[in-house]
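Notes follow the structure.
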Amino acid sequence: MRLRNGGTTILLCGEAGQGIKTLEIMLLSSLKLSRFNVYGTEEYMSRVRGGMNITEIRISHHRVRAFSSHADIVIPFHKGALPWISDRISGDTVIMGDSRNMEKEFMREGKTIEIPLTDIAIRAGSRLYINMVVGGLIPGLFDGTLKLMNEYILKRFMSKGKDVVDGNLRALEEGYALGKKVKDTGSFVPAVKKDPSVAGDIVISGTEAVALGAMAGGMNFLSFYPMSPSTGVAVFAAAHSEELGILVEQAEDEIAAGNMAIGAWYAGARAMVTTSGGGFSLMTEALSLAGMAEIPLVIHIAQRPGPATGLPTRTMQGDLNMALYAGHGEFPRIILAPGNMEQAFRLSGAAFNLAELFQVPVLILTDQYFVDTHYNIPETDLERIKRDGYISEAGEDYRRYILTEDGISPRAVPGNGKGVVIANGNEHDEWGDISEDKELNRKMQEKRAIKKMDKIRKHAEMPEIIGNTGAKNAVVSWGSTYHTVKEAVERLEKDVMLLHFSWVHPLPGNLRQVLEGKTIMSVEQNVGGQFADMLSRETGLNIRYKVLKYDGRPFSVEELYEILNSIMGGEDGR
Amino acid sequence: MRLRNGGTTILLCGEAGQGIKTLEIMLLSSLKLSRFNVYGTEEYMSRVRGGMNITEIRISHHRVRAFSSHADIVIPFHKGALPWISDRISGDTVIMGDSRNMEKEFMREGKTIEIPLTDIAIRAGSRLYINMVVGGLIPGLFDGTLKLMNEYILKRFMSKGKDVVDGNLRALEEGYALGKKVKDTGSFVPAVKKDPSVAGDIVISGTEAVALGAMAGGMNFLSFYPMSPSTGVAVFAAAHSEELGILVEQAEDEIAAGNMAIGAWYAGARAMVTTSGGGFSLMTEALSLAGMAEIPLVIHIAQRPGPATGLPTRTMQGDLNMALYAGHGEFPRIILAPGNMEQAFRLSGAAFNLAELFQVPVLILTDQYFVDTHYNIPETDLERIKRDGYISEAGEDYRRYILTEDGISPRAVPGNGKGVVIANGNEHDEWGDISEDKELNRKMQEKRAIKKMDKIRKHAEMPEIIGNTGAKNAVVSWGSTYHTVKEAVERLEKDVMLLHFSWVHPLPGNLRQVLEGKTIMSVEQNVGGQFADMLSRETGLNIRYKVLKYDGRPFSVEELYEILNSIMGGEDGR
Amino acid sequence: MEDRFEPGRPGSSDIAWCPGCGNFGIRNILKKTFSELGLEPNKTVIISGIGQAAKMPHYIKTNAFHSLHGRAIPIATGVKLSNPELTVIAEGGDGDIYSEGGNHLVHAIRRNPDITVLVHDNQIYGLTKGQASPTTYPGMRTPTQPWGVFEEPLNPISMAVALDASFVARTYMGHMEKSVEIIKKAIMHRGFSVVDILHPCVVFNRLNTYEWYKEHTYWMEGHDPYDRTKAFEKAIETEPVPLGIFHIHEKPTFEEQVSAYARDDTPLWKRAPNIDSIFKIIEKMR
Amino acid sequence: MEDRFEPGRPGSSDIAWCPGCGNFGIRNILKKTFSELGLEPNKTVIISGIGQAAKMPHYIKTNAFHSLHGRAIPIATGVKLSNPELTVIAEGGDGDIYSEGGNHLVHAIRRNPDITVLVHDNQIYGLTKGQASPTTYPGMRTPTQPWGVFEEPLNPISMAVALDASFVARTYMGHMEKSVEIIKKAIMHRGFSVVDILHPCVVFNRLNTYEWYKEHTYWMEGHDPYDRTKAFEKAIETEPVPLGIFHIHEKPTFEEQVSAYARDDTPLWKRAPNIDSIFKIIEKMR
Ligand SMILES: Cc1ncc(C[n+]2csc(CCOP(=O)(O)OP(=O)(O)O)c2C)c(N)n1
Ligand SMILES: Cc1ncc(C[n+]2csc(CCOP(=O)(O)OP(=O)(O)O)c2C)c(N)n1
Ligand code: SF4
Ligand code: SF4
Ligand SMILES: [Mg+2]
Ligand SMILES: [Mg+2]
């Protein structure tokens with residue numbers, strides 16, 4: 001199968017420590033500047049040096065945003081790389097680079113382009129510069145520019161002295177010349193046209209979209225404990241901490257991170273925590289506190305395969321059930337799972353307004369695939385959300401938990417008004433003092449778990465519907481798989497619609513109408529089909545097929561296409 | 001409504017610190033010795049002195065094991081007690097005791113028996129002895145014996161000196177004489193006959209049943225961090241630690257408690273943790289570790305109302321969802337929720353065999369109501385379960401996670417055999433070393449989350465079915481409500497059956513057949529109807545009515561009878 | 001003046017402590033301290049954990065958050081960082097702060113926010129009915145340690161000195177005036193202060209009674225709190241137990257060093273997102 | 001002999017550490033220590049947390065549990081208590097044991113089980129790519145502390161001395177022989193031992209390099225590890241950093257005092273439930 005959005009997919013296969021991450025960032029920016037649509041994503045091992053990492057770069061005339069398993073070009077940076085990715089190499093795949101990195105069985109006539117990358121790097125000054133040789137090679141192959149790359153090298157290696165800068169630049173230019181030569185001699189014919197419309201686009205990653213969205217939503221406090229793949233959000237925020245006035249603090253553990261954020265919200269800040277499944281496990285008690293004390297809270301969970309330490313640097317959507325039910329006792333929460341950069345920006349911002357409006361925790365679920373994926377989007381697609389202000393003043397007799405029709409009590413913060421603000425993790429009366437009064441105990445449970453929940457549900461966003469709403473088949477998906485599922489479904493050209501959920505919980509009330517009578521296929525990256533189960537539980541509908549993947553690698557368009565096609569073939573080709 | 005099992009219900013209403021807990025234990029033993037069936041339970045506040053506590057004691061010719069809201073006799077130990085429980089006082093209720101503790105509006109002709117309890121106590125030596133006066137009064141009223149009580153006093157107060165012992169004994173005897181007098185003068189006519197069959201019975205509490213069951217199941221390690229209402233199990237085990245060779249350790253926090261238990265199991269011990277919802281929240285990560293590393297684990301969760309600190313000394317069944325989904329990633333677990341003492345004993349023991357057989361965490365869910373309830377049962381109803389041994393030897397090339405047909409790998413422990421045992425919370429190969437191999441990663445997920453789960457499901461126990469399986473209506477309940485629901489349903493005399501679940505998860509496969517076509521009513525103590533949702537999700541059946549209570553107090557037979565009756569009235573009186 | 005700190009709410013009149021409990025004395029000490037310092041209830045915050053000690057905020061009028069067992073310190077840190085204008089106190093029991101919350105104490109000392117931690121140290125678990133706490137003396141028999149405690153008691157003073165906490169003191173609540181003085185200094189101290197407040201639990205701790213504390217404690221005289229090694233020597237004395245200020249090390253607070261307040265000292269809750277700056281960052285991603 | 005500790009499993013050959021990393025040296029030290037002590041792989045257990053350090057059990061042959069970040073100590077305690085016949089080592093990084101697991105270290109010291117805690121202290125988070133750890137020096141710029149760390153570094157030695165840990169030492173892995181000697185003593189010591197092992201992270205810690213450690217550390221001479229105040233004085237020295245055994249306090253171990261082993265020293269895993277005794281307890285409930 002050739003991908004609908006066409007273009008070329010390049011795999012860079014190296015060890016940790018070979019500078020491929022740097023290379024990826026440089027390539028994406030400069031190829032975008034060269035007027036290509038670009039996409040990049042990484043699969044890497046949980047180690048700092050060595051191992052088998054794969055970076056995928058797609059270049060296209062059209063927008064490219066989905067993961068493809070088929071490689072048009074593979075550049076192996078070390079021996080062993082090709083066997084490791086052999087299932088992604090077909091008869092069409094061109095293998096480029098040092099022949100010493102190519103196992104014999106992969107070297108086929110006309111499809112192998114030997115380029116002495118290492119020798120060139122050594123000539124330029126060090127074998128470490130091999131990434132720069134490739135950094136030049138690829139733009140050379142596609143008639144791109146080196147402009148941004150030069151600047152990047154200057155900035156990045158300045159501190160290491162002129163020699164290093166010059167060596168890198170040399171490597172880059174030699175690579176470029178070589179790429180041009182390969183192209184000009186016709187041994188490789190690039191099949192990608194430029195797209196002038198990308199000029200004003202930005203290249204953004206999931207990490208950046210979440211962080212920037214949160215900032216736009218007014219985040220001014222970020223506490224965290226490092227944990228892959230969630231740390232990037234903290235790194236990004238730390239870089240802009242002084243400039244934007246955001247307090248960023250690495251806590252001693254996730255328990256402290258969660259509770260610091262709760263303290264911050266109690267005092268009126270807009271706080272977020274960024275973590276992954278294991279860290280979130282440790283915040284479960286704090287989540288329950290936020291539920292009881294009605295403290296807003298925003299937690300970003302970048303999922304990775306569990307249980308326990310699992311596969312720290314790989315991808316999974318296995319923590320939905322935990323997000324739904326973490327924390328003892330019963331209290332409402334909101335779960336969002338952006339499917340693309342625009343949604344990540346908008347929802348990460350909106351999370352703060354939602355948390356403050358309903359005084360509940362809001363969980364943003366991404367995953368390793370999502371945070372480590374980059375592509376270009378028009379800057380104008382980033383919606384400027386408004387920071388709503390919901391903070392009240394505390395009068396003399398202020399009652400933090402006053403019982404109201406809709407379950408929401410006006411929320412004051414300490415120091416804003418003459419009264420005092422009493423928050424309580426024990427069951428309480430309207431003022432916030434402990435109460436064991438039977439009636440009041442019941443009413444407070446209803447305030448939180450029924451009234452507030454009902455109100456939130458009315459606010460729930462509908463899934464994005466792609467395709468013909470009258471279709472007989474419906475594919476449902478959530479979170480990071482958006483573009484991959486979309487591309488696969490569009491490619492299918494069957495009687496099928498796609499419902500993609502980025503507002504995951506609570507589900508809006510009228511889904512049954514939309515889905516009733518259709519053959520429903522769910523697509524998600526976990527063992528149990530957690531979203532499918534939730535959907536079926538809430539709508540009473542039967543999910544006929546669960547399309548699941550749980551080996552820690554993202555779904556590819558090709559893979560999904562095959563599966564969905566065979567399912568729908570089975571359904572009499574409808 | 002009069003209760004089916006008849007008898008008399010006595011409420012002792014005092015403050016914390018008035019010795020009513022001591023009194024309850026003494027009364028239950030001595031009334032049982034006097035050949036009555038007895039039942040006792042406590043509702044108390046989260047404080048050490050003062051407040052409003054209620055102890056309910058039921059005495060009957062028949063077995064009494066359910067909570068009743070209607071009081072036949074109330075003994076207020078302080079002012080304010082009667083208004084606090086006014087909804088449990090009817091025209092029939094006799095109020096006994098110091099008139100200074102009775103509000104005017106509760107003193108009705110013929111139903112008030114003034115007894116100068118305090119004066120008698122003071123005469124016996126101290127106003128503190130008032131509990132002993134009542135301790136004598138009640139056996140006196142029912143023609144019981146003081147035998148055990150005398151002994152108990154001797155044992156308990158010996159360390160405080162002869163004066164205290166004598167004073168307590170005097171108070172007891174004076175109380176007894178007074179009780180006899182009240183009875184003999186006919187101002188109170190006891191309506192309870194003795195039941196000789198109770199002679200060999202024991203009086204056991206939920207706490208004791210769980211602890212003893214665990215001991216019988218081979219528990220030899222108990223780690224915990226104090227938390228109401230779960231601490232009793234640790235207190236009981238600590239008391240017998242030396243005698244039974246059980247290592248009991250209070251950890252610095254619940255995280256340590258959970259992980260210590262995991263270490264203990266890894267080394268071959270049979271370890272349990274006892275905790276409540278908030279503490280369990282903190283064990284979530286450890287649970288996930290047990291799931292990944294396939295370490296058996298037994299956790300007793302005595303539920304109380306949440307979220308957060310909630311109502312520390314009250315009752316709720318609000319943590320089922322958390323028990324089901326706690327922990328990041330996907331792994332199997334077993335959830336048991338005993339409904340009576342016999343089940344608590346059997347299941348707490350079986351938990352250890354199950355944990356070891358399937359190498360998964362087993363969660364035992366009780367609640368405050370259950371652990372603080374006592375009644376008499378024949379000792380012979382305690383099933384002597386066999387401790388199965390599933391520990392293998394590690395050969396030279398031992399593979400802890402060897403892939404097998406049914407997902408279970410023989411489990412060796414360090415030091416047993418020549419080989420080494422490698423457990424791992426990271427994704428791993430068969431030996432236990434880290435692996436990022438795609439195929440292996442997938443297979444290991446399937447081993448845990450599919451194969452083992454399927455195997456456990458086949459092992460799942462069916463619910464206890466009471467009544468006519470052909471009935472049109474079915475009440476479903478789980479855990480601690482067993483006897484209350486049973487008594488209410490039996491009393492209804494409608495076309496209804498009861499399904500009570502003490503094996504809660506995973507549900508056995510063939511429930512749909514049993515329930516299909518019936519009007520299903522679920523009874524549980526939480527806001528959301530968590531069990532009902534699970535049942536509906538797993539069977540696809542609609543639960544027509546959710547009967548819920550969430551004010552922190554237990555369901556009473558009367559209350560349930562009313563609700564179920566009115567529901568079934570609505571169902572055309574079927 | 002002290003009446004300003006009487007909450008006067010429906011839920012604040014029935015105090016849940018046992019008659020005779022040392023917590024009443026601590027409450028009086030706090031009311032006196034607060035009013036002598038001229039604190040305002042609405043500019044003061046008490047973050048408490050869970051336990052008998054942690055019920056304090058219901059009986060004294062300030063902003064408050066009665067939170068989770070062990071978590072008062074990180075919450076208090078979050079409050080202070082978000083609004084440095086508030087006077088922030090974290091309060092809890094010896095179980096609360098030294099056992100469940102032990103890690104937070106260690107790392108808050110390193111962070112040095114300007115908050116005051118008051119530990120009601122009754123050397124026992126009160127609310128949960130008498131189990132051993134980290135400061136319970138060896139030999140004490142409890143329901144969960146019927147064999148008699150044998151773990152080394154935690155010495156919070158030597159630990160805080162070893163971590164170079166900014167202000168470290170111990171008092172016994174039986175000495176009202178001296179306790180007020182010490183807690184005043186702790187609150188006024190710029191940086192992280194921890195005060196271990198010994199107090200009897202009249203129900204569960206039969207050893208460390210009012211008389212016991214009177215007999216087994218003494219006030220340090222002439223101790224130089226700026227000498228860390230001396231502080232350590234004093235800290236490891238156990239019989240009798242020294243009272244007073246052990247250690248002071250003035251150093252920049254967390255709030256003074258953190259980059260979020262480098263350019264602007266507006267409390268976080270008054271800050272609006274700087275959308276233009278954010279979009280400037282975005283533009284650079286072209 | 002040392003080959004006895006080569007695992008030789010399919011997953012143990014590709015060592016995931018970076019070339020030049022100090023962890024290789026620690027691995028050699030451990031193999032030598034174990035073989036000099038004559039330990040048996042199947043009677044020895046390493047419980048490790050999560051981090052680069054914590055990968056050790058894959059590259060040295062013993063029983064092992066590569067567990068959770070921060071939790072090696074409670075797991076190791078559980079193992080030791082269940083089977084005192086095993087030699088139990090807990091291993092992890094400075095983030096692992098001092099940050100996430102800080103509370104467990106504090107309380108394990110109080111409990112004093114006979115286990116050995118080895119902290120690979122590279123003063124940085126290695127596996128998660130270079131964030132500050134509790135022992136990172138102020139001023140270091142990292143991806144998450146681009147402004148330069150300003151928290152007080154944790155001094156694990158002074159803290160352990162303050163808590164009166166049974167055996168407290170520090171070494172630098174660059175000194176192979178001395179490190180072997182110290183870790184041997186730590187393992188042989190009856191009671192809780194903690195050894196802080198300094199080692200360079202050649203990728204993320206550009207300050208504390210092999211040269212740096214050589215220049216900024218020294219071996220204590222003539223220090224009396226039984227003098228606690230002296231140990232404290234030594235412990236708070238930072239420039240240069242002292243190496244050696246700081247503190248020894250021999251005292252009964254947890255296992256020796258716990259009631260479960262009072263009558264019977266059979267490891268727990270070999271015990272069958274004593275059903276008769278249990279039913280005797282039940283009979284008393286009549
Ligand atoms: C996570 C968690 N674990 C355990 C508890 C139960 N608990 C409440 S207070 C307390 C200890 C009380 O002792 P301390 O902190 O010394 O306070 P005191 O009552 O003595 O003032 C415990 C263990 C809890 N509320 N939350
Ligand atoms: C609960 C939890 N939080 C965070 C992480 C992520 N994590 C893995 S290793 C590590 C720190 C590594 O530093 P250190 O312990 O010093 O070990 P090193 O890699 O330097 O040897 C962290 C934060 C995790 N695995 N689990
Ligand atoms: S239990 Fe102890 S600490 Fe708690 S209130 Fe009573 S006397 Fe005070
Ligand atoms: S990151 Fe540092 S500590 Fe980790 S293996 Fe590499 S050099 Fe060693
Ligand atoms: Mg205490
Ligand atoms: Mg480290």
Side-chain angles (χ1 to χ4, degrees), chain A residues 200-204 208 212 215-221 223 240-249 251-253 255-256 259-264 266-269 271 285-286 289 293 379 382 384 387 391 394 413-415 417-426 429 431-435, chain C residues 7 9-12 16 41-45 47 50 55 57-58 61-68 70-71 73-83 85-86 103-104 106-107 110-111 258-264 266-275 277-279 281-283 285-286:
Chain A
D201 279 16
I202 57 170
V203 179
I204 188 170
E208 291 160 347
L212 285 163
M215 289 165 175
M219 172 180 78
N220 46 36
F221 191 106
S223 48
H240 300 287
S241 159
E242 184 171 334
E243 170 190 0
L244 298 178
I246 300 169
L247 200 148
V248 177
E249 176 61 1
E252 56 272 28
D253 56 25
I255 297 177
N259 283 292
M260 271 184 199
I262 286 177
Y266 165 72
E285 193 199 18
L289 175 62
E379 186 193 311
L382 298 180
R384 291 183 187 231
R387 182 205 149 131
I391 294 179
V413 303
K418 289 190 176 163
V420 295
V421 181
I422 320 284
N424 199 341
N426 291 264
D429 64 15
W431 286 265
D433 290 309
I434 292 178
S435 169
Chain C
R9 298 183 299 264
S12 68
N42 69 336
K43 301 283 181 196
T44 308
V45 188
I47 310 296
I50 296 293
K55 289 179 178 167
H58 301 292
K61 186 178 176 187
T62 64
N63 293 292
F65 193 167
H66 187 174
S67 65
L68 289 174
R71 313 305 168 197
I73 292 178
I75 296 176
T77 304
V79 171
K80 185 70 187 182
L81 302 192
S82 301
N83 190 350
E85 293 169 1
L86 300 169
N103 205 31
H104 308 310
V106 169
H107 293 276
R110 298 183 44 232
R111 210 170 264 127
V258 78
S259 64
Y261 287 114
R263 298 189 189 172
D264 177 3
T266 314
L268 302 185
W269 76 272
K270 292 185 180 161
R271 297 184 182 185
N274 192 338
I275 296 289
S277 303
I278 294 167
F279 271 87
I281 296 169
I282 293 172
E283 274 160 31
M285 296 163 71
R286 284 230 180 94

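Bear in mind the structure is a predicted one, so any value in this text is a computation, not a measurement.
Residue A/Arg384 holds its CZ atom at 7.0 Å from CD1 of C/Ile275, rounded to the nearest 0.5 Å. Here the NZ-CD1 distance, from C/Lys270 to A/Ile391, works out to 11.0 Å after rounding to the nearest 0.5 Å. Once rounded to the nearest 0.5 Å, the distance linking CD1 of C/Ile47 with CD1 of A/Ile262 reads 11.0 Å. Here the CZ atom belonging to C/Arg9 is positioned 8.0 Å from the CG atom belonging to A/Asp429, to the nearest 0.5 angstrom.
With contacts defined as side-chain heavy-atom distances shorter than 4.5 Å, the pair C/His107/A/Asp253 does not qualify.
In this structure, the side chain of C/Asn274 does not engage the main chain of A/Leu244 through any donor-acceptor pair within 3.5 Å. Proximity of a side-chain donor or acceptor of A/Tyr266 to a complementary backbone N or O of C/Ala76 within less than 3.5 Å is not detected. Under a 3.5 Å cut-off, the side chain of A/Asn220 and the backbone N or O of C/Trp269 do not form any donor-acceptor pair. Of the possible polar contacts, one joining the C/Arg271 side chain to the A/Gly245 backbone as a donor-acceptor pair under 3.5 Å is found.
C/Leu86 touches chain A through its side chain: at least one heavy atom from C-beta onward sits under 4.5 Å away, while N, CA, C and O do not. Contact annotation for C/Ile73: neither backbone nor side-chain heavy atoms come within less than 4.5 Å of a heavy atom of chain A. Contacts between C/Ser67 and chain A at a heavy-atom distance below 4.5 Å involve backbone atoms as well as side-chain atoms. Looking at C/Glu85, there are no atoms closer than 4.5 Å to chain A (heavy atoms on both sides), in backbone or side chain. Proximity to chain A is absent for every atom of C/Arg110, based on heavy atoms less than 4.5 angstrom apart. Contacts of C/Asp264 with chain A are absent, with no heavy-atom separation under 4.5 Å from either backbone or side chain.
The ring-ring contact (aromatic ring centres under 6.0 Å, His included) search around C/His58 returns C/His66, not counting sequence neighbours.
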